[in-house]
Amino acid sequence: MADDTMDKGLNRNSAMPSRRAMLMGTGAALFASAGVPIPFLDKLPPGMRLVADAQEASGAMPEGKSGLTILGDRPINMETPPHLLDDEVTPGKYFFVRNNGLPPDVTNVTDESWKLTVDGEVERPLEMSIADLKREFEPVTLRLVVECGGNGRAFYRPGASGNQWTFGAVGCADWTGVRVKDVFEKAGLKKTAIYTGHYGADTHLSGDPSKEAISRGVPIAKAMDPNSIIAWAMNGEDIPYLNGYPLRLMMPGYPGSCSQKWLTRIWVRDQVHDGQKMLGHSYRVPKYPVAPGTEVPDEDMKIIENMPIKSLITSPQTGSRSKLGESIQVRGHAWCGEGADVARVDVSMDFGETWTQADLAPAPNRFSWQRFTANVTPPQQGYYEIWARATDTNGVEQPATTPGWNPHGYINNMQHRIAVFVI
Ligand SMILES: Nc1nc2c(c(=O)[nH]1)N[C@H]1C(S)=C(S)[C@@H](COP(=O)(O)O)O[C@H]1N2
Ligand SMILES: [Mo]
């Protein structure tokens, strides 16, 4: 089991662990030595350890952001602690940031000055301002999840380089814009159109203007999905600067990398796009299962299209306390990429031995996350973990630990676990 943070620096405290606690690992030993019982300890699957306390937010927050955990500052990357994702619609200040390059200068940008080009395999190449988009097409507002393909990377062993996202490279907001489909219909797709290539105004870290920070694309069928939009607003306001102001793509259900921020161009291609971070091992996983640590040749890697079934516990906050006899309301969200919907969510307080089905609220539209709620009443004082497990309409459920290892640590949809103390 990968998440061993509970153990960090704690060994010295576990002076007199019980034999059973010793067998279970030092996290359990700590609680045992502090006199905290762990009622379901005998149910903890072999090899699994107790959940760590949430990371504390640190460092100075950029303007407009609050409470996020900074993973890096050049490029700037920040994830959201799960308990700050409790809202049904993630406020801009809590929306995670994943940047590959340096954000553009957007001072003095207006609806007239920002231009979007649509070219390549189209009958009529277009150059439109945001004002043109607003005028010419029907605006739509959809509640859509953005999740980084690398969310959960921190838990793979051996680990992968890159941002060590834990659970919070995800958010769900109301995005307003126009359908890519409507714009493509105006441009007139040629029969040769098979893929998109996306470009944004941010610059490569090296400062080299001939290089893109990132330029990903999707199959034409995905771009033509009515839920794929070109958005200028998030939660009824301008998109926050670090999330792509003034214009971004939303390709929900696919890895977040397909949702280009600071959008300036959609190149319609007659082949699979080969832009920055499309090739090699970027946003790709092996075509077949591999043993952890395997070196996989480039030609055996495939592009990630579907994001898997997943859920997150947003309340209570991990590490919180509750009184014996009181029921604990467990709350969170579940979501799923292409090819399936969320079917159910179950929660457990006995390390996965028994499960209680949660109530699942309907989704306002496809690719939104859905609220789940369940009540659990721990039988005695002590340390508990609450686990959540979502299942999709194909019967696929979240694994208890990391799913199939892959070289860059993508699409980890393991169950989210929180710690609760009953006093
Ligand atoms: N122009 C541009 N768009 C981008 C990126 C970027 O670095 N530059 N990062 C992508 C990645 S990898 C992800 S996961 C999402 C993150 O969206 P957010 O920063 O709004 O949360 O944006 C995508 N769009
Ligand atoms: Mo990402």
Side-chain angles (χ1 to χ4, degrees), residues 64 79-80 82-98 133-134 137-149 151 167-182 218 222-240 242-261 263 306-315 331-345 358-373 388 390 392-393 413 416:
E79 72 172 328
T80 318
H83 69 281
L84 295 184
L85 290 171
D86 193 42
D87 299 280
E88 267 160 60
V89 178
T90 310
K93 65 180 176 181
Y94 294 151
F95 213 94
F96 82 103
V97 175
R98 196 299 183 234
L133 290 172
K134 288 181 176 173
F137 305 98
E138 183 202 352
V140 288
T141 298
L142 296 172
R143 188 163 300 172
L144 303 171
V145 168
V146 182
E147 183 181 15
C148 181
N151 196 20
F167 290 98
V170 64
C172 182
D174 287 336
W175 301 91
T176 302
V178 295
R179 295 182 185 94
V180 176
K181 171 177 169 282
D182 292 348
V218 298
K222 177 65 184 172
M224 295 297 279
D225 183 297
N227 299 294
S228 298
I229 62 173
I230 301 168
W232 58 74
M234 174 180 167
N235 300 338
E237 292 173 3
D238 285 345
I239 297 172
L242 290 173
N243 300 107
Y245 172 84
L247 196 66
R248 79 173 294 171
L249 264 181
M250 287 299 299
M251 293 289 181
Y254 270 42
S257 54
C258 298
S259 296
Q260 194 83 25
K261 302 190 283 188
L263 183 71
N306 280 344
M307 290 300 283
I309 178 77
K310 203 157 171 182
S311 62
L312 188 74
I313 301 167
T314 57
S315 183
R331 216 169 40 226
H333 312 287
W335 65 96
C336 188
E338 282 281 328
D341 271 317
V342 179
R344 60 185 286 162
V345 177
D359 287 330
L360 187 65
N365 52 253
R366 187 78 180 87
F367 301 120
S368 169
W369 64 23
Q370 290 171 250
R371 165 77 86 203
F372 70 81
T373 41
D392 75 16
T393 45
N413 68 333
H416 185 214

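None of these values were measured; they are calculated from a predicted model. Start at 1 with the first residue, then count along the sequence.
In this structure a side-chain-to-backbone donor-acceptor pair under 3.5 Å is present from Arg371 to Asp86. A distance-only check finds a donor-acceptor pair linking the side chain of Asn151 to the backbone of Ala169 [under 3.5 Å]. In this structure a side-chain-to-backbone donor-acceptor pair under 3.5 Å is missing from His83 to Ser315. Side chain of Gln370 to backbone of Ala361: a donor-acceptor contact under 3.5 angstrom is found. Formation of a donor-acceptor pair under 3.5 Å by the Arg248 side chain with backbone atoms of Ser259 is found in this model. Side chain of Asn413 to backbone of Lys310: no donor-acceptor contact under 3.5 angstrom is found. Remark: the backbone N or O of Leu85 is not paired with any side-chain donor or acceptor of Thr90 at under 3.5 angstrom.
Taking Asn306 as the reference, Glu338 meet the side chain to side chain contact (heavy atoms under 4.5 Å, CB included) condition, with sequence neighbours excluded. Residues satisfying the ring pair (Phe, Tyr, Trp, His ring centres under 6.0 Å) test with Phe95, not counting sequence neighbours, are Trp175.
With contacts defined as side-chain heavy-atom distances shorter than 4.5 Å, the pair Thr176/Val140 does not qualify. A heavy-atom distance below 4.5 Å is found between the side chains of Cys172 and Ser368.
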Can you give the donor-acceptor pairs under 3.5 Å from side chains of residues 224-234 to other protein atoms, not counting sequence neighbours?
{"residue": "Asp225", "atom": "OD1", "partner": "Asn227", "partner atom": "N", "Å": "2.7"}
{"residue": "Asp225", "atom": "OD1", "partner": "Asn227", "partner atom": "ND2", "Å": "2.9"}
{"residue": "Ser228", "atom": "OG", "partner": "Lys222", "partner atom": "O", "Å": "2.7"}

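Here CG of Asp174 is found 7.0 Å from OG1 of Thr141. Values are rounded to the nearest 0.5 Å. Atom SG of residue Cys258 and atom CG of residue Leu249 lie 9.5 Å apart, to the nearest 0.5 angstrom. Distance check: Ser257 OG to Met251 CE gives 11.5 Å after rounding to the nearest 0.5 Å. To the nearest 0.5 Å, the span separating CD1 on Ile309 from CG on Asp341 amounts to 8.5 Å. Separating the CG atom in Asn365 from the CG atom in Leu142 is a distance of 4.5 Å, to the nearest 0.5 Å. Atom CG of Leu133 is separated from atom CG of Leu247 by 6.0 Å, given to the nearest 0.5 angstrom.
The two residues Phe372 and Ser311 come nearest to each other via the heavy atoms CE2-CB, 4.1 Å. The minimum heavy-atom distance linking Pro82 with Phe167 is given by the pair CG-CB, 4.2 Å. Contact detail for Lys261 and Leu242: the closest heavy-atom pair is NZ-O, 3.0 Å. Nearest approach of Asp182 to Phe137, heavy atoms of both residues: O-CE2, 3.4 Å. In terms of heavy-atom proximity, Val345 sits nearest to Ala390 at CG2-CB, 4.1 Å. Counting all heavy atoms, side chain and backbone alike, His416 lies closest to Leu312 at ND1-CD1, 3.6 Å.
Ion pairing of Arg179 with Glu138 is present here, as a side-chain N (NZ or NE/NH1/NH2) and a carboxylate O approach within less than 4.0 Å.
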Quiz item: Given the rule in the side-chain contact (heavy atoms from CB on, under 4.5 Å) test, do Val97 and Asn243 qualify, once you have shown the distances and angles that lead to the verdict?
Solution: CA-CA 6 Å; Val97 175; Asn243 300 107; 4.1 Å; yes
Practice problem: Could you please spell out the steps behind the side-chain contact (heavy atoms from CB on, under 4.5 Å) verdict for Leu360 and Val342? | Solution: CA-CA 9 Å; Leu360 187 65; Val342 179; 3.8 Å; yes
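Considering Tyr254, Trp335, Trp369 in turn, Trp335 is the only one that fulfils the side chain to side chain donor-acceptor pair (under 3.5 Å) rule with Glu147.
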